[in-house]
Amino acid sequence: MNSEIDYNHIKKLLNFIDSSPSPWHACSKIAEGLEHAGYHQLFENETWNLEKDHGYYVIRDDSSIIAFKVGNKPLHQAGFRCIGAHVDSPTLRIKPNPVEEKSGINRLGVETYGGAILATFTDRDLSLAGRIVHKDNNNWLGCSSKLINLEDPLLRIPNLAIHMNREVNEKGLKLDKQAELPLILGNISDSLPGEDKFKQMLSEKSGIDNDDIISWELSVYDTQKAALYGAESEFFASRQIDNLASCHAAVSALLASHQSVAATNVCAFFDHEEVGSNSIKGADGSFISDILHRIAITLGCNDEQYKIALAQSFMISADMSHAYHPNFPQFYDDNHKILVNHGPAIKINANQRYTSTAVTEAFFIRLCEAVDVPYQKYVHRTNLPCGSTIGPMVAAQLGIKSVDIGNPMWSMHSIRESAGVLDHNYLTSVLDNYFAGN
Ligand code: ZN
């Protein structure tokens, strides 16, 4: 460990990621932290009452969450200060009829969720987490959902031995998504069919009667805990750094803003970013506009005042960015390579894959300079297609100014990603400054 590095904040991030193996768990963990800090949960099917300087949060369908603290000035005078990020990560999802019984082995069939580097899922100690839905006559839908985390290393995709895949080091590991991704669950037993055995596992872990379990959404995750690494423990490695690290920095900043500020500060964390965001709870759906409009109405704004509020609002779209990888220099623009532990990157793209403009970029730079945080500028190579974030769709939908930023990381969409300790401290302090209204 390096005595000059403050590891407190990164340890909190690593704990947060370890206890958030699925987007449903991440959302629940964020809500737990908000509750602890005195934030009150609001429900979309109930009437709201809001008071200035108080904190609230809303969850939609268990895995998207918007938290906000009402400012001390009317919205049409001070606007919203938002940070947007996503809680989901690329992975494998268990099919509804998952068990494939073959040659003495039970396997679980999966779909891919988002663009994972599939080869990294091999030879890992995998488990399952997500939500199961069970009968509940007290709910108008006739069912309720419950989080489940199987915790133990239950599953595996063993690599094919090199003796049968002699060119793996020259051609890379390619996996057929239908035939070669099913996960090994166990030996076939004579006493219990595989499907029943799997359901029994869910029942035992959740405490819900076998017959009451109706359906589920389960993510595959790596059970290896997050860890620091490097000669001076200046890096960390974990699953889901994209984008739980940004969520953590944002919500930490929201909770750190104890003093009364003029603007209404908002953290909006969405599920489904990795699959296009077009869903009931995705960034391209109605969630963010519904909630901001609802806040405005509840605080007494008329339609014009709401539009005035949006016109003086700002969003920081925070999502991880591509750190320069010294083993692969040919994939980076020499003038826009960003380095791990050199500060958050402002992401710029002329084709509006990112929302940054010269004006919003300058706004973010001034935030960094005010707290002595270094920043970098990232532009993707012109001859490579550029990724995107929730930024463009939220900014377009709301008509608010926005900048795309993100801390540099390696191995994006691997099951074991990696980033820098200092960058997490840097980003949190910039976001603290943003929510402090400076
Ligand atoms: Zn991301």
Side-chain angles (χ1 to χ4, degrees), residues 21-22 24-25 88-134 146-225 239-240 274-275 411 413-416:
S22 79
W24 300 278
H25 287 81
D88 60 324
S89 302
T91 183
L92 307 174
R93 287 278 166 85
I94 301 300
K95 288 179 176 175
N97 301 322
V99 179
E100 300 175 11
E101 303 187 29
K102 205 172 186 181
S103 307
I105 302 279
N106 278 324
R107 298 181 306 158
L108 292 184
V110 288
E111 289 185 284
T112 54
Y113 177 89
I117 305 176
L118 296 174
T120 63
F121 282 65
T122 60
D123 299 334
R124 309 291 306 187
D125 302 333
L126 305 174
S127 192
L128 295 177
R131 63 174 177 175
I132 54 175
V133 175
H134 58 91
K146 186 174 185 184
L147 295 186
I148 183 167
N149 179 0
L150 292 175
E151 294 176 283
D152 297 327
L154 288 169
L155 302 162
R156 198 167 198 85
I157 310 172
N159 244 302
L160 188 62
I162 198 166
H163 312 81
M164 294 153 197
N165 192 10
R166 292 278 183 196
E167 294 184 313
V168 65
N169 290 328
E170 285 68 44
K171 295 193 169 169
L173 180 61
K174 292 175 187 154
L175 298 165
D176 180 280
K177 291 179 181 139
Q178 173 65 25
E180 294 168 354
L181 279 184
L183 304 140
I184 287 183
L185 174 66
N187 285 123
I188 292 175
S189 105
D190 295 334
S191 56
L192 201 59
E195 204 78 46
D196 293 348
K197 170 80 184 157
F198 179 63
K199 225 171 154 187
Q200 188 185 62
M201 285 166 55
L202 298 184
S203 172
E204 280 171 9
K205 195 70 193 178
S206 65
I208 294 168
D209 197 76
N210 213 336
D211 295 333
D212 287 345
I213 296 176
I214 306 170
S215 54
W216 55 72
E217 286 167 281
L218 295 171
S219 288
V220 173
Y221 75 93
D222 183 4
T223 56
Q224 186 181 356
K225 299 282 188 218
R239 52 176 155 81
Q240 298 166 276
E274 299 292 358
V275 292
S411 314
H413 294 192
S414 163
I415 202 167
R416 191 84 176 160

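Computed from a predicted model, the values in this text were never measured in an experiment. Each residue takes its place number in the sequence, starting with 1.
- Across all their heavy atoms, Pro158 and Asp123 have their closest contact at CA-OD1, 3.3 Å.
- More than 12 heavy atoms of other shown residues, nucleotides or ligands fall within 6.0 angstrom of atom NZ in Lys95.
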Fill in: Asn149/His25 under side chain to side chain contact (heavy atoms under 4.5 Å, CB included): CA gap, chis, key distance, verdict
CA-CA 9 Å; Asn149 179 0; His25 287 81; 3.7 Å; yes
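- For the pair Pro21/Arg239, a side-chain contact is recorded, criterion being any heavy-atom separation below 4.5 Å from C-beta on.
- A side-chain N or O of Arg93 and one of Ser219 form a donor-acceptor pair less than 3.5 Å apart.
- For the salt bridge (Lys or Arg N to Asp or Glu O under 4.0 Å) test, residues two or more places apart in sequence or in another chain that qualify with Arg124 are Asp222.
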Practice prompt. Would you check, one step at a time, whether the test side chain to side chain contact (heavy atoms under 4.5 Å, CB included) holds for His413 with Glu274?
Written response: CA-CA 10 Å; His413 294 192; Glu274 299 292 358; 3.2 Å; yes
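- The side-chain heavy atoms of Leu175 and Thr122, taken from C-beta on, include a pair separated by under 4.5 Å.
- When side chains are defined from C-beta on, Leu202 counts as touching Leu150, because their heavy atoms get closer than 4.5 Å.
- With rounding to the nearest 0.5 Å, the separation of CG in Leu185 from CZ in Arg156 is 13.5 Å.
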Discussion item. Apply side chain to side chain contact (heavy atoms under 4.5 Å, CB included) to residues Phe121 and Thr91 and explain how you reach the verdict.
Written reply: CA-CA 9 Å; Phe121 282 65; Thr91 183; 3.8 Å; yes
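- For the side-chain contact (heavy atoms from CB on, under 4.5 Å) test with Leu126, the passing option among Ile184, Ile415, Leu108, Thr223 is Ile415; the others fail.
- Between Val99 and Lys197, every side-chain heavy-atom pair lies at or beyond the 4.5 Å cut-off.
- Using a 4.5 Å cut-off on side-chain heavy atoms (C-beta onward), Ile162 and Asn169 make contact.
- In terms of modelled atom types and a separation under 3.5 Å, the side chain of Lys177 and the main chain of Thr112 share no donor-acceptor contact.
- To the nearest 0.5 angstrom, Ile213 atom CD1 is 5.0 Å from Ser203 atom OG.
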Worksheet item: Between Glu100 and Asn106, is a side chain to side chain contact (heavy atoms under 4.5 Å, CB included) present by the stated rule, with each step listed?
Response: CA-CA 6 Å; Glu100 300 175 11; Asn106 278 324; over 6 Å; no
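- Residues Leu92 and Leu118 are in side-chain contact: their nearest non-hydrogen atoms beyond the backbone lie under 4.5 Å apart.
- Counting only heavy atoms from C-beta outward, the side chains of Glu195 and Pro98 approach each other to under 4.5 Å.
- Pairs engaging residues 172-213 under the ring pair (Phe, Tyr, Trp, His ring centres under 6.0 Å) rule: Phe198-Trp216 [sequence neighbours left out].
- Under the 4.0 Å criterion applied to side-chain N and carboxylate O atoms, Glu151 and Lys205 are assigned as salt-bridge partners.
- Between the CD atom of Glu217 and the CG atom of Leu128 there is a distance of 13.5 Å, given to the nearest 0.5 Å.
- A distance of 9.0 Å separates OG of Ser215 from CD1 of Ile132, quoted to the nearest 0.5 Å.
- Taking 4.5 Å as the limit, every side-chain heavy atom of Thr120 sits out of range of all side-chain heavy atoms of Arg416.
- Formation of a donor-acceptor pair under 3.5 Å by the Ser189 side chain with backbone atoms of Leu192 is found in this model.
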